[in-house]
Each structure stands twice: as structure tokens, then as C-alpha cells.
Amino acid sequence: QVQLVESGGGLVQAGGSLRLSCAASRRTFSTYAMGWFRQAPGKERGFIASISQSGGSTYYADSEKGRFTIPRDNAKNSVYLQMNSLKPEDTAVYYCAARRGSYFYTVGRDYDFWGQGTQVTVSS
């Protein structure tokens, strides 16, 4: 089992940037594909991006492509979500998740472990 802890959320003005971090508890972090999801009030949890175990492959939701990136650092057991050009509609709780196997999954139930989430609020 792997424990995930997100950090880096907060309040930012529209057009600004934030970098979320997700730290994993296990040294086997490099064996997990990682994903980022978010959930706004009254909405379902939605996929943002995912990355392969090595970091060599990534996949993005169309709506975030070009604004968000998902790098990872296996030496630090961490994955990040770099968010640029933020909009008020990006306001949500952001979650990182881990899964064994392929990174090419966009549905939450396909992920095995989840962090507790970090709040991002974008003001207009």
C-alpha cells in the first residue's frame, strides 16, 4: 500500500500559477503510474492528467492540455501538477492517485490509492 499526501493548494488570482505536489510514502513509488483528478462542489470527480512509471509518457484531458503539466521525480517519490493560466472554473479539490500498471486510465475507480486532496481556489 502507498500513502499519498498532496500539498501546494491555496488561493490564487485568475491568470496565475500554482504547483501542486504529491509525496508518496514508499520507495516503490516508481512502480506506480500516477494521476491527478479534481472535484468541484456539486460536480463529479474529473481526470486531469496521468504519467507513466518512468515519466516518459503522459496523458492529459483535452480541457487542460497546454495549461497543466504533470512531471514526476522518482528520486523524491513525488509527482507534481504545474498549473498555469488558472481560471475561476479551476477551483476544486485536487487529488493525486496511484495505480499499478498502465498510466493510460482516466477513470477514478481504476486507481488504487488516493491522497486526501488539496483545495485550489481561483479568484476572478
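Position 1 is the first residue of the sequence; numbering continues from there. Heavy atoms only: backbone and side chains are in, while hydrogens, waters and symmetry mates are out.
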Using atom types as modelled and distance alone, determine if a side-chain donor or acceptor of Q53 lies under 3.5 Å from a backbone N or O of G101. yes
Out of curiosity, does F113 fall in the hydrophobic cluster containing M34 (side-chain heavy atoms, cut-off under 4.5 Å, transitive links)? yes
Go through it in stages, so that I can follow the logic: the residues are D112 and Q1, the test is side-chain contact (heavy atoms from CB on, under 4.5 Å), and I'd like the CA-CA distance, side-chain angles, deciding distance and then a yes or no. CA-CA 9 Å; D112 303 302; Q1 185 166 346; over 6 Å; no
Enclosure of K65 NZ (heavy-atom neighbours >12, cutoff 6.0 Å): yes
So which pairs with a foot in residues 84-93 pass side-chain hydrogen bond (donor to acceptor under 3.5 Å, both in side chains), sequence neighbours left out? S17-N84, R38-D90, R67-D90, Q82-N84
Hydrophobic cluster membership, with links at side-chain heavy-atom distances under 4.5 Å among I/L/V/M/F/W/Y: are I70 and L18 in one? yes
Q116 vs V5 side-chain heavy atoms within contact, under 4.5 Å: yes
Heavy-atom distance under 4.5 Å between the side chains of S21 and S78, does that happen here? no
Nearest 0.5 Å please: distance from the SG atom of C96 over to the CD atom of E6. 4.0 Å
Heavy-atom donor-acceptor pair, R72 side chain to S52 backbone, under 3.5 Å: yes
Would you name the heavy atoms of A24 and L4 that are closest together and state the gap between them? CB-CD2, 3.8 Å
List for me each residue that meets side chain to side chain donor-acceptor pair (under 3.5 Å) alongside S57, sequence neighbours excluded, and say none if there are none. none
Rounded to the nearest 0.5 Å, how far apart are OG1 of T69 and CD of E64? 12.0 Å
Sole residue of F37, W36, F47 in ring pair (Phe, Tyr, Trp, His ring centres under 6.0 Å) with Y111: F37
Main-chain N/O of G46 paired with Q39 side-chain donor or acceptor, under 3.5 Å: no
Considering only heavy atoms from C-beta outward, does the side chain of Y95 approach that of T118 to under 4.5 Å? no
Decide whether W114 and Y103 are clustered together by the hydrophobic rule: side chain heavy atoms of Ile, Leu, Val, Met, Phe, Trp, Tyr closer than 4.5 Å, transitively. yes
I need the minimum non-hydrogen distance between L20 and Y94, along with the two atoms involved. CD1-CB, 3.5 Å
P88 to S124 - nearest heavy-atom pair and separation: CG-CB, 3.8 Å
Mark yes or no: R100 above the aromatic ring of Y32, with NZ or CZ under 6.0 Å from the six-membered ring centre and no more than 45 degrees from the axis. no
Is there a side-chain contact between L81 and F68, using heavy atoms and a 4.5 Å cut-off? yes
Flag yes if I48 and V120 sit in one hydrophobic cluster, no otherwise; membership is Ile, Leu, Val, Met, Phe, Trp, Tyr, and two members link when side-chain heavy atoms are under 4.5 Å apart. yes
Can you find a heavy atom in the side chain of S123 that is under 4.5 Å from one in the side chain of L11? yes
For S25, check side-chain contact (heavy atoms from CB on, under 4.5 Å) against everything at least two apart and list the hits. V2, Q3
